[in-house]
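Both counts, for ligands and for their atoms, begin at 1 and track the order of listing.
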Amino acid sequence: MTDAPATTHDTLQRRGLMFILSSPSGAGKTTIAHRLLREDRAIRLSISATTRPPREGEIDGQDYHFVGQAEFDRMVEADEFYEWATVFGHSYGTPKAHIRAGLKVGEDFLFDIDWQGTQQLFQKDQQDVVRVFILPPSLDELRRRLVGRGTDSCDVIDARMARAQAEISHWDGYDYVVVNDDIDVCFAKVEQILAAERMKRARQTGLIGFVRGLMKPD
Ligand code: 5GP
């Protein structure tokens with residue numbers, strides 16, 4: 001057997017992770033997710049499969065893998081999803097194969113999913129999942145942010161507020177909870193969580209060989 005090099009550049013080889021960001025809508029998750037994808041080249045968005053038709057401007061394989069219901073059902077049957085759900089009459093699922101292969105070679109994936117998807121993913125693969133929940137500083141501030149978007153009517157905002165409170169009740173199903181008082185501070189904390197999680201001993205698959213090398217007498 002040939003030993004793979006324990007280090008690439010100055011970093012030990014490691015297993016990738018599944019980085020989950022959840023929050024009630026308006027708490028800043030999307031901003032943080034986009035910024036993370038822009039600034040951290042080593043993490044990629046997990047692309048779900050869906051039976052929903054593409055919206056204008058959406059690209060197959062980039063926003064979603066757009067599939068027909070028969071193909072989606074076949075994938076469910078063949079156990080090709082980590083998790084799947086029906087949302088507003090359409091099916092959505094996280095395909096496994098691509099992520100499994102990526103994790104093995106140290107790739108990290110970002111998930112923008114709700115608490116139910118998070119729970120399912122965690123049940124399937126506890127060792128690779130890191131769960132981060134973003135909270136608004138107050139309900140008043142959350143409402144201010146939703147109103148400030150200017151995209152929704154009062155009724156829709158009320159519905160989003162009710163949904164937000166239901167979502168917040170699942171805060172204790174996460175490894176980390178960050179209050180988004182200030183977007184820059186919150187983003188910095190999310191980055192720190194990711195950096196520390198990447199360094200976890202259990203993910204550093206190159207450590208065994210590296211330490212063996214350190215202990216070898218010359
Ligand atoms: P949209 O159709 O607006 O892109 O997404 C509708 C909803 O489906 C969103 O709440 C989104 O989080 C959820 N969703 C997207 N992909 C997945 C997935 O792979 N699994 C689950 N459980 N939900 C998803």
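Ion pairing between a basic and an acidic side chain is recognised when a charged N comes within 4.0 Å of a carboxylate O; R14 and D108 show such pairing. E197 and K200 are joined by a salt bridge, as a carboxylate oxygen and a charged side-chain nitrogen come within less than 4.0 angstrom of each other. The pair R55-D63 fails the salt-bridge criterion, with no side-chain N (NZ, NE, NH1 or NH2) lying under 4.0 Å from an Asp/Glu carboxylate O. Of the charged side-chain nitrogens involved, at least one lies within less than 4.0 Å of a carboxylate oxygen, so that E58 and R52 count as a salt-bridged pair.
Between R52 and ligand 1, an N or O atom pair is found at a separation short of 3.5 Å. Between E58 and ligand 1, no pair of N/O atoms sits closer than 3.5 Å. Below 3.5 Å of separation, one finds no N or O of D114 facing any N or O of ligand 1.
Annotation for G26 and R149: closest pair N-NH2, 3.4 Å, computed over non-hydrogen atoms.
Closest to atom 2 (O) of ligand 1, if we only count protein heavy atoms, is Y92 OH, 2.4 Å. Scanning the protein for heavy atoms near atom 12 (O) of ligand 1, the closest one is D112 O, 3.9 Å.
A 4.5 Å side-chain heavy-atom check between R160 and S25 finds at least one atom pair inside the cut-off.
Within the structure, the closest approach of R55 to ligand 1 falls below 4.0 Å when heavy atoms are considered. Residue contacts with ligand 1: Y64 is included, with a non-hydrogen atom under 4.0 Å away.
In this structure, atom 21 (C) of ligand 1 has a protein heavy-atom contact shorter than 4.0 Å. For atom 24 (C) of ligand 1, the nearest protein heavy atom lies closer than 4.0 Å.
By the rule that hydrophobic residues join a cluster once side-chain heavy atoms approach within less than 4.5 Å of another member, F111 and L37 end up as members of separate clusters.
In summary, the aromatic rings of H98 and F109 are positioned with their centroids under 6.0 Å apart.
With distances taken over non-hydrogen atoms, the option nearest atom 16 (N) of ligand 1 out of S48, S25, P54, S22 is S48. Here atom 7 (C) of ligand 1 lies nearest to V87 when heavy atoms of T86, I47, V87 are compared.
For ligand 1, the atoms closer than 4.0 angstrom to any heavy atom of A85 are 22 (N). Against a heavy-atom cut-off of under 4.0 Å, T94 is close to the following atoms of ligand 1: 19 (O).
Y92 and E83 share no side-chain donor-acceptor pair at under 3.5 Å.
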